[in-house]
Amino acid sequence: MTKITPQPGIMDIALYQGGQSHVAGVAHVIKLSSNENPFGPSPKAIEAVRDSAATLHRYPSTDHAPLRDAIGARHGLDPARIICGVGSDEVLQFVAQAYAGPGDEVIYTEHGFSMYPIIARMAGATPVMVPEKDRHVDVDNILAAVTGQTRIVFVTNPGNPTSTMIPESELVRLAEALPDSCLMVIDGAYAEFVDDFDGGASIVDRFDNVIMTRTFSKVYGLGGMRVGWGYAAQSIIDVLNRVRQPFNLSLTALAAAEAAVKDEEFLSHCQAENARLRVWLSDELAKIGVPSDASCTNFILARFTDQAEAEACDDYLKTQGLIVRRVAGYNLPNALRITVGDEDACRRVVEAITAFKEGAA
């Protein structure tokens with residue numbers, strides 16, 4: 001047996017479980033477990049990927065300047081204060097690697113993204129979970145958990161898998177109350193699904209210890225490309241770039257993301273269809289006794305009587321070729337997270353859950 005041992009905390013990391021893609025014995029499935037865009041990526045992004053094939057022998061840029069410029073133009077941000085990563089996950093990892101370590105604490109909330117404690121342990125820090133209130137982030141609970149060892153506070157807004165969000169005033173209250181030695185991270189992976197929401201950019205501009213992150217994996221439909229970005233004070237971006245590998249994003253991924261962020265017409269179409277269908281899906285399920293909170297994302301968190309009913313419904317949906325996500329691992333055992341698909345997918349979900357509730361299972 002090898003005597004080589006990993007760093008403390010590594011073996012405490014539970015392996016991340018992605019959304020299921022296949023069902024044994026079912027040939028054709030609709031995957032509604034990973035919050036992917038049912039309309040796919042922008043046609044312009046697809047074209048950019050094809051065009052990039054002729055230059056795959058070239059290394060990509062190390063500074064991601066064209067993509068940062070495009071993001072800056074789209075959101076009215078200073079490109080120099082933007083950092084790009086392999087999904088927003090990598091940007092979150094940069095933050096923990098640069099600002100937390102052994103003896104430090106990293107706060108995340110009860111139903112927060114499961115990568116937060118993993119990222120904390122990767123850095124050797126101690127993850128600290130605080131309770132939410134009725135599936136909403138509670139600022140007072142976070143502040144009560146802050147100690148002299150707290151270095152990072154992760155807040156997902158809108159939340160995953162809750163689909164809820166807290167108002168900007170509460171984020172500002174949290175930023176104002178945190179010590180200068182603590183970094184606040186606003187994870188806005190689903191920010192594009194909320195009308196008139198800047199993802200926390202205005203808060204970043206007010207506080208030097210706040211960073212916001214975004215992704216191209218959701219509304220832009222580029223989950224397979226793995227591109228994300230962060231926006232913060234120049235001093236923080238300078239630090240994060242020191243731990244970023246120079247060629248962390250491929251030439252193809254950069255081209256796809258740049259084309260996607262410039263295609264505002266396709267973005268608007270995806271946003272409008274998601275807004276329409278998530279309300280319809282939520283309302284129809286509520287009529288048959290499956291409630292959910294008002295969603296600010298591209299999924300709903302459908303709540304059942306108890307864990308047994310939620311799991312039985314999930315099992316039945318699989319027999320109908322519908323894959324959704326159990327979220328007991330997020331301390332929500334009586335719920336299923338259901339991605340808002342296209343109209344056909346949403347109708348099939350409602351029909352299947354109706355049949356389940358009527359005893360077809």
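Excluded from the calculations below are hydrogen atoms, water molecules and symmetry mates; all remaining heavy atoms, backbone and side chain alike, are included.
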Quiz item: Does a side-chain heavy-atom distance below 4.5 Å link Phe193 with Val219?
Solution: yes

Quiz item: Short question: side chain of Arg348, backbone of Gln320 - any donor-acceptor pair under 3.5 Å?
Solution: yes

Quiz item: Is the backbone N or O of Gly101 less than 3.5 Å from a side-chain atom of Asp104, with the two atoms forming a donor-acceptor pair by type?
Solution: yes

Quiz prompt | Check: Ala232 main-chain N/O paired with Arg81 side-chain donor or acceptor under 3.5 Å | solution = yes

Quiz item: Is Val227 close to Leu222 at the side-chain level, that is, under 4.5 Å between some pair of heavy atoms?
Solution: no

Quiz item: Do Pro161 and Leu332 touch side chain to side chain, with heavy atoms closer than 4.5 Å?
Solution: yes

Exercise. Return yes if some donor-acceptor pair links the side-chain N/O of Asn141 with the main-chain N/O of Val130 below 3.5 Å, else return no.
Key: no

Quiz item: Does Leu77 reach the side chain of Met212, with side-chain heavy atoms less than 4.5 Å apart?
Solution: yes

Self-check item: Side-chain heavy-atom pair Tyr99, Leu240 within 4.5 angstrom cut-off
Solution: yes

Quiz item: Between Ser250 (side chain) and Ala253 (backbone), is there a donor-acceptor pair under 3.5 Å?
Solution: yes

Quiz item: By side chain to side chain contact (heavy atoms under 4.5 Å, CB included), which residues pair with Pro333, not counting sequence neighbours?
Solution: Gln307, Ala328

Quiz item: Quick one: does Arg226's side chain get under 4.5 Å of Ser217's, heavy atoms only?
Solution: yes

Practice problem: Kindly give the heavy-atom pair with the smallest separation between Glu36 and Thr339, and that separation in Å. | Solution: O-CG2, 3.7 Å

Quiz item: Between Ser295 and Phe299, is there a donor-acceptor pair closer than 3.5 Å when you use the side chain of the first and the backbone of the second?
Solution: yes

Quiz item: With distance as the sole test, does Arg74 use its side chain to make a donor-acceptor pair with the main-chain N or O of Lys262 at under 3.5 Å?
Solution: no

Quiz item: Are Val239 and Phe207 joined in one hydrophobic group, where the rule is that I, L, V, M, F, W and Y side chains link up if heavy atoms are under 4.5 Å apart?
Solution: no

Exercise. Check the angle between the aromatic planes of Phe304 and Phe356 and answer parallel, tilted or perpendicular using the 30° and 60° thresholds.
Key: perpendicular

Practice problem: State, with a plain yes or no, whether a side-chain heavy atom of Leu254 is found less than 4.5 Å away from one of Pro66. | Solution: no

Quiz prompt | Contacts of type side chain to side chain contact (heavy atoms under 4.5 Å, CB included), residue Glu284, not counting sequence neighbours | solution = Trp280, Lys287, Val350

Self-check item: Parallel, tilted or perpendicular: rings of Phe216 and Tyr220 (30°, 60°)
Solution: tilted

Quiz item: Can you tell me if Thr164 uses its side chain to pair, donor with acceptor, with the backbone of Arg135 under 3.5 Å?
Solution: yes

Quiz item: Under the 3.5 angstrom rule, does the side chain of Ser282 hit a backbone N or O of Val279 as a donor-acceptor pair?
Solution: no

Quiz item: In a check of side-chain hydrogen bond (donor to acceptor under 3.5 Å, both in side chains) between Glu192 and each of Lys218, Gln271, Arg214, which one passes?
Solution: Arg214

